[in-house]
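Every chain is numbered from 1 and lettered A, B, ... according to where its sequence line falls, protein lines coming before strand lines. Excluded from the calculations below are hydrogen atoms, water molecules and symmetry mates; all remaining heavy atoms, backbone and side chain alike, are included.
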Amino acid sequence: MRTFDYFKPVCVEEALFLLNKFADKSKLVAGGTDVMVQWKKRIISPVALISLRNIPELNFIRMNDCLEIGSATTHRSLELSADIKSKFPAIYDAVSNIGSVQVRNSATIGGNLCNAAPSADSAPPMLVLDTGVNIVSSDGQRSIPIDQFFKGPGKTVVQPNEVVKSFSIATPPENTGMAYWKHTRRSAMDLPILGVAVLLSFDEDIKTCVKARIGLSVVAPTPIRARKAEEFLLGNVVNEASLDEAGKIAASECSPRTTIRGSDWYRREMARVLVKRVGLISTERASHFSKLES
Amino acid sequence: MGERLMDELFVGKSFARMDKDKVIGRANFINDITLPRMLHAKILYSARPHARIKSIDTSKAEKLMGVRAVLTGFNVPEVKVGFLGDQTPLKKDKVRQFRDEVAAVAAIDEDTAEEALDLIKVEYEDLPAVYDPIEAMKPDAPLVHEFDARGKPRRNNLLPLPWKLEAGDVRKARESSKYVVKDRFSTQWVHQTCMGTSGGIAEFDVNGNLIFRSVTNVPFGGKDRLDMFLKNLGLKGRSRVLTPYVGGSFGSKLDTDIYEFILVLLAWKTGCPVKIVFSRKEEFLASPPRQPVIATVEQGCDSNGRLTFRNIDMILDNGAYTSWGATTPSVMMIPVSSLYRVPNVKFQATCVYTNNIYAQAMRGYGNPQATFVIEQSMDQLAEASGIDAIEFRKINANVPYEKTPMDLKITTCPMSECLEIVEKRLNWSEKRNQKTSRGVGVASFLHVGGGARVYLSDAQGIIMKVDDEGKVTVITGGTDQGQGSETIIKQMVAEATGFRPEDVSIFQGDTEVCPWDVGTHASRHAFITGHAVLLAGADVKRKVLDLAARWMPEMIRFDLSKRARKDPNFQVPLLDFSPLMDTNNLELRNAEVFLKDDPENKHFRLPVAKILRRAHLVGTGKGEMVVAEAFYDPPNEMLNREGKGNLSCCYTFGAHGVEVEVDEETGLVTILNYVAAHDVGRAINPMLVKGQIYGATVMGCGYALTEEIQTNHGRVMNPNLLDYKILTAKDKIPIDPVIVEPIEPSGPFGAKGIGEPACVPSAPAIVNAIYDAVGVRIKDLPVTPEKLLKAIKEKKAKEQ
Ligand SMILES: Cc1cc2nc3c(=O)[nH]c(=O)nc-3n(C[C@H](O)[C@H](O)[C@H](O)COP(=O)(O)OP(=O)(O)OC[C@H]3O[C@@H](n4cnc5c(N)ncnc54)[C@H](O)[C@@H]3O)c2cc1C
């Protein structure tokens, strides 16, 4: 019979100790919604499962000068946080549409990003927010920008002796709008055919773009940023025409595959359409916020 | 029997579901049952779509601790099973699809059994395979079966089931038609996707009789097949089928499945009870879904829009073996010949062996495919003749009391009424032809509503046992797979006997005790059970009233004198007891017996429990009890050699109308409004009828938009609920179910069946609405965003 030992460390230090002890025979588990599926499918067979559920230092949402999210924070807690919804709506858009409420009650943002599925819903918003990933090991701590975090499907820069501790996000400048759109065939329990996050910061006129970020999922082996499309928008007046052009450029930056969930041409086409649409939502949100603030 | 009782107490009311144990988690499904000494089975499926088995090495698996038996085609008797006898439970010579059962293990737990499977080594020699039925029909196609069940060599992949129906003269009618349309449509593999997966427990008792706990909804048919299997194995025992709670069937549990025969073999070899429950993955990989069809349809009409002829040719991908899927053309014939009034009809269906998974029954039994084809062609013909789509259907609508070209005898038929309801509630005239990315579409259906004589018997037996507490136990051969029949049976029994629903309990699911029933299929359960209930219930009532006439006067006298003894002020009234002594004067309602003409008479009213107790416990050796039975076999007909006959006592009609919005940039379809108008004869429980309409409509919408078993060279690529996309509660489809009640004279309490129909017209209604919205017609289900976007782009390119 296939079995494993299950450890419930109560602090990061203990988790690191266990990681060092079992090394590559161990697996960290947060909500377990990816880990247990992989275990059942026999993709992984660890000797030790090290749970991060009982570690308070990994489970928090802190909003000071910047936003910091503990890696073992559930999607549901993020979804229910008023600050996240009002100040980081792109994160809200993503986490509130993952799986079902039951899944979100268990699944964590750290698990979602560390699992590094090309379709991870929280990846595009975290990409457009220039998130810093704080990683610890018994040797110390390091911080990695999220656009250097993903290495391939299921692969990240996290080493076997490391734990992702938290995510740091700087408060976006004034006149910023952001949104995420998950393109699916049904309204729940679905993975995106394509996920698009857009963040746009504007001049006071809410027309000229001073910062642009476009994050895409499922169009490459890892979630990516559409840097050429971002560059195109930077300094430009944002309107339907320029967003349409940005969509076209973003589509050309994609290298999607044909799978049973969608054809490459369709995904590329959706990148074009949805970058424009999500860009429009972001623009609208930016002007809405600037109206609220003034 | 069919006339409506004007003062019904229980029928026609929305009683809440009485099977509460499911909601609180106390119902026992097959998953919950554990027997002493029970072993767990796992099945090894083929790793190839088509190959010769060169060798199977089970030696390592046999040595694994905890393994009790490892079976292959080489160590069990070769017994043919299945409707055409075209397979054995464990495959020996070759495998013909990925779901072929190659070996089976019984072990002390599931993990051990699974581990044992990994230790079995099978050597294959690949054979050329064929996955497309059209390819499989070609003369040089690889043969899926080299021999038939009798051992005769086969020359092609066609099943020996030439389905044909012809009425009138199609060729002549075509020549005289003003407008003719012809097109080709196809549908996909879809799965029943029951919440409860397949499973069972087999065990032999000390006398060598088989006890089989099964999820079947055909316990007696299943018993027959198991008995035959035992006989062919050379075993003397007989079988007993027990059915626990079942988590849905939708047709998937109509045939005895291969894993069930394998369980029997394992129980026989080990002498222990052996259980299997499929994982969701196994359910998708190894249980038989609804088959795809490729259909060519041609229809014509005259200058007034009256249908002149219909000619349909169907090719069915049968997969590698034959189960009930191959008989669905018998039901396809119903809409082909009789959906709308069409005098000249020709139909031909060919079932073709391929190296794909094979097909079983699914809700609608061929009707969803046939109606998909017909109703799109109807829209095309309406357009060709310049008549509005609803108007065109009204011109051709079926009418009451007419015989159709298939010799179906239509009785009540509110088809036009249903179309009008759709027209009105959808705001049709305003919404149609707007070409604004929004559109409306319609499709009608007809289906059997009064049983279906697909076997020599379409009967159900029922026993009612009334005990001296005034409770009625109904022993029935029918089964419930989740539809709520317990609730309506109690309502109907209460109505028929004069007891109350809470006095009724139901015993079912044991072939040793329950009287025979042909099976809970073909939307027949409420209809046939209702009739059986009316027969047995009338007998119960007659017997109770007979006892009442004999015992009531004495009992009432006794009560009065007792009261007088206790209460000196009480004057015993002078009463004329003679009316009580004639059963014709008595009535039994709400579990009380009283005088029919004098219901207010408080002296002459007794609870039925009291009377039964008095009649039972007489103290003289002359006690009596009430038991009644009935065996109801409806007056419907089997199809004759020409495929004609009045298959059902009545037919049910309806129309679905849909308003959709198409996102022309993404190809996504949103359902904005959905009207489902259904003729149910009479709703025994309107809430449960609506439940059937909601559930089946959502299933139909999944068929139209999201559901599809995707295969690649015979391999199922999406065996999970993420990638096999049934719709969820969050996909809010605004369904407006409308119940139309023409009160069917042939139906019990006026009712017709409603189990299947609502999943029939959804797909064509949606596809027709999409056409109205964006001017492209998707002829191949499901309408994925990709297909639709591609079609929209092609149309736009053409227009430029
Ligand atoms: C029914 C269902 C529906 C789903 N729907 C969606 C969906 O809509 N969108 C979506 O994106 N995903 C979906 N998922 C996938 C999954 O739920 C998410 O990826 C989830 O966020 C994973 O979080 P978790 O806490 O459960 O991760 P776990 O399964 O516990 O872990 C995932 C991986 O991350 C590693 N890990 C976890 N925490 C850390 C850490 N702090 N440091 C280092 N490594 C760590 C683990 O070792 C493992 O490799 C779904 C899953 C299921 C079962």
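Applying the 6.0 Å contact sphere to NZ of B:Lys787 captures more than 12 heavy atoms from other residues, nucleotides or ligands. No more than 12 heavy atoms of other residues, nucleotides or ligands sit less than 6.0 Å from atom CZ of A:Arg257. Within 6.0 Å of the CZ atom in B:Arg715, the count of heavy atoms belonging to other residues, nucleotides or ligands does not exceed 12.
If you take NZ on B:Lys732 and OG on A:Ser187, they are separated by 6.5 Å, rounding to the nearest 0.5 Å. The line from CZ of A:Arg261 to CG of B:Leu722 is 5.0 Å long, rounded to the nearest 0.5 Å. Distance check: A:Leu194 CG to B:Thr666 OG1 gives 11.5 Å after rounding to the nearest 0.5 Å. Note that CD of B:Glu786 is 5.5 Å distant from CH2 of A:Trp265, once rounded to the nearest 0.5 Å. Once rounded to the nearest 0.5 Å, the distance linking CD of B:Glu665 with CD of A:Glu269 reads 8.0 Å. Between atom CG of residue A:Asp190 and atom CG of residue B:Leu721 there is a gap of 11.5 Å, rounded to the nearest 0.5 Å.
The two atoms that bring B:Leu668 and A:His183 nearest to each other are CD1-CE1, 3.4 Å, heavy atoms only.
Residue B:Asn720 does not touch chain A at all, counting heavy-atom pairs closer than 4.5 Å. Only the side chain of B:Lys793 comes within less than 4.5 Å of a heavy atom of chain A; its backbone N, CA, C and O stay farther away. In this structure, the portion of A:Thr184 lying under 4.5 Å from any heavy atom of chain B is its backbone and not its side chain. Neither the backbone nor the side chain of A:Lys40 has a heavy atom closer than 4.5 Å to any heavy atom of chain B. For a residue to count as touching a neighbouring chain, one of its non-hydrogen atoms must lie under 4.5 Å from one of that chain's; by this rule A:Arg42 touches chain B with the side chain only.
Contact count versus chain A (heavy atoms, under 4.5 Å) is highest, among B:Asp723, B:Thr784, B:Thr728, for B:Asp723. Note on B:Asn718, B:Asp663, B:Leu727, B:Leu705: by heavy-atom pairs under 4.5 Å with chain A, the leading option is B:Asp663. Put simply, of B:Val669, B:Asn712, B:Ile726, the one with the most heavy-atom pairs under 4.5 Å next to chain A is B:Ile726.
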>> As a quick check of understanding, evaluate side chain to side chain contact (heavy atoms under 4.5 Å, CB included) for A:Asn97 and B:Lys730, giving each step before the final call.
In response: CA-CA 11 Å; A:Asn97 281 303; B:Lys730 245 192 132 185; 4.2 Å; yes
>> Please evaluate residues B:Glu114 and A:Arg2 with respect to the criterion salt bridge (Lys or Arg N to Asp or Glu O under 4.0 Å), reporting the C-alpha separation (whole Å), side-chain torsions for both, the decisive distance (0.1 Å), and the verdict.
In response: CA-CA 10 Å; B:Glu114 180 129 16; A:Arg2 291 170 74 225; over 6 Å; no
